[in-house]
Enquirer: 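I'd like to ask you about the structure that follows.
First listed ligand is number 1; within each ligand, the first listed atom is number 1. All residue numbers in this chain count up from 1 along the given sequence.
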Amino acid sequence: MNVPHCIFCRIARHEAPAYILCEDAHSLAFMDINPASPGHALVIAREHAVNIFDVSAPALAAVMATVQRVALAVNAAFLPDGLSIIQSNGPGAAQSVLHFHMHVLPRSFEDGLPINWLLRPGERRAIEAAADRIRAAL
Ligand code: DGP
């Protein structure tokens, strides 16, 4: 399904401009218009899904394969210190475009991007309880 006014659907239909990197039947990669670092790219599902909760399994598989392909190319082209793959769902995760996409984000030691968290030991019983809640919902 395509949503007429969704900007990423419009890019997928080649109706809106984008620096497209590659595309296939189920996925499309293009440059992020608000790059958080040089080489920041996006990979989207061609189908209109809002986020991880409703994207189809075939589209997700295609997106992940394209993410790896683009990540290898970005890594070769920019030689970053590292590379983050980021995907946000919902307002609490600051998802701003409601069409499923993954960020391929080159990182540098100095970029200061506020997406790293400190590694703090968890409380074993709390981790176990969280696992129980997730297993019950699977
Ligand atoms: P998120 O906040 O995770 O939903 O990421 C959405 C990203 O999409 C954000 O980094 C900016 C980018 N973006 C928004 N509109 C456009 C657009 O029209 N073209 C392109 N190329 N990127 C866009």
Side-chain angles (χ1 to χ4, degrees):
M1 183 186 69
N2 272 301
V3 173
H5 301 297
C6 167
I7 182 60
F8 284 2
C9 283
R10 294 186 63 229
I11 288 172
R13 289 195 302 264
H14 295 191
E15 289 173 9
Y19 296 104
I20 292 176
L21 301 169
C22 59
E23 54 189 309
D24 61 26
H26 294 291
S27 69
L28 185 88
F30 53 90
M31 301 308 291
D32 193 303
I33 206 168
N34 303 131
S37 65
H40 182 176
L42 299 172
V43 181
I44 70 168
R46 193 176 284 283
E47 71 182 26
H48 183 82
V50 174
N51 54 34
I52 194 68
F53 304 123
D54 64 338
V55 67
S56 73
L60 185 59
V63 166
M64 281 309 300
T66 302
V67 163
Q68 186 186 40
R69 183 177 176 209
V70 171
L72 285 164
V74 168
N75 205 41
F78 287 87
L79 300 176
D81 295 328
L83 193 148
S84 293
I85 304 296
I86 296 170
Q87 193 273 317
S88 302
N89 305 283
Q95 181 182 9
S96 60
V97 176
L98 300 183
H99 180 125
F100 181 79
H101 58 279
M102 301 192 76
H103 295 262
V104 177
L105 181 60
R107 303 295 307 279
S108 74
F109 290 117
E110 301 83 23
D111 63 30
L113 291 175
I115 51 178
N116 294 334
W117 55 89
L118 292 175
L119 298 183
R120 283 190 292 243
E123 207 268 299
R124 287 176 68 99
R125 287 227 306 258
I127 296 170
E128 193 180 353
D132 286 343
R133 289 176 63 178
I134 296 166
R135 283 192 205 103
L138 282 173

Enquirer: Report all protein residues having a heavy-atom distance below 4.0 Å to some atom of ligand 1; order the list by chain, then number.
Expert: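 Only Ile7, Phe8, Ile11, Phe30, Met31, Asp32, Ile33, Asn34, Leu42, Ser88, Ala94, Gln95, Ser96, Val97, His101, His103 have heavy atoms that fall under 4.0 Å of ligand 1, ordered by chain and number.
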Enquirer: Would Val70 and Met102 show up in the same hydrophobic cluster when neighbours are defined by side-chain heavy atoms closer than 4.5 Å?
Expert: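 Both belong to a single hydrophobic cluster.
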Enquirer: Hey, what do you get for NE2 (His101) to CD1 (Ile86), rounding to the nearest 0.5 Å?
Expert: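 That separation rounds to 10.0 Å.
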Enquirer: With a 6.0 Å cut-off (strictly less than), is the heavy-atom count around CD of Glu15, excluding the residue itself, greater than 12?
Expert: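 Yes, because the 6.0 Å sphere around CD of Glu15 holds more than 12 heavy atoms from other groups.
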Enquirer: Count the heavy atoms belonging to other residues, nucleotides or ligands that lie under 6.0 Å from CZ of Arg107, then report whether that count exceeds 12.
Expert: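 Enclosed: over 12 neighbouring heavy atoms sit under 6.0 Å from CZ of Arg107.
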Enquirer: Using a 6.0 Å cut-off, check whether atom CG of Leu118 has over 12 heavy atoms from anything other than its own residue.
Expert: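 Result for CG/Leu118: open.
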Enquirer: Fit a plane to each ring of His99 and His48, take the angle between them on a 0 to 90° scale, and name the class: parallel (under 30°), tilted (30 to 60°) or perpendicular (over 60°).
Expert: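 Taking His48 first and then His99, their aromatic rings stand perpendicular (interplane angle over 60°).
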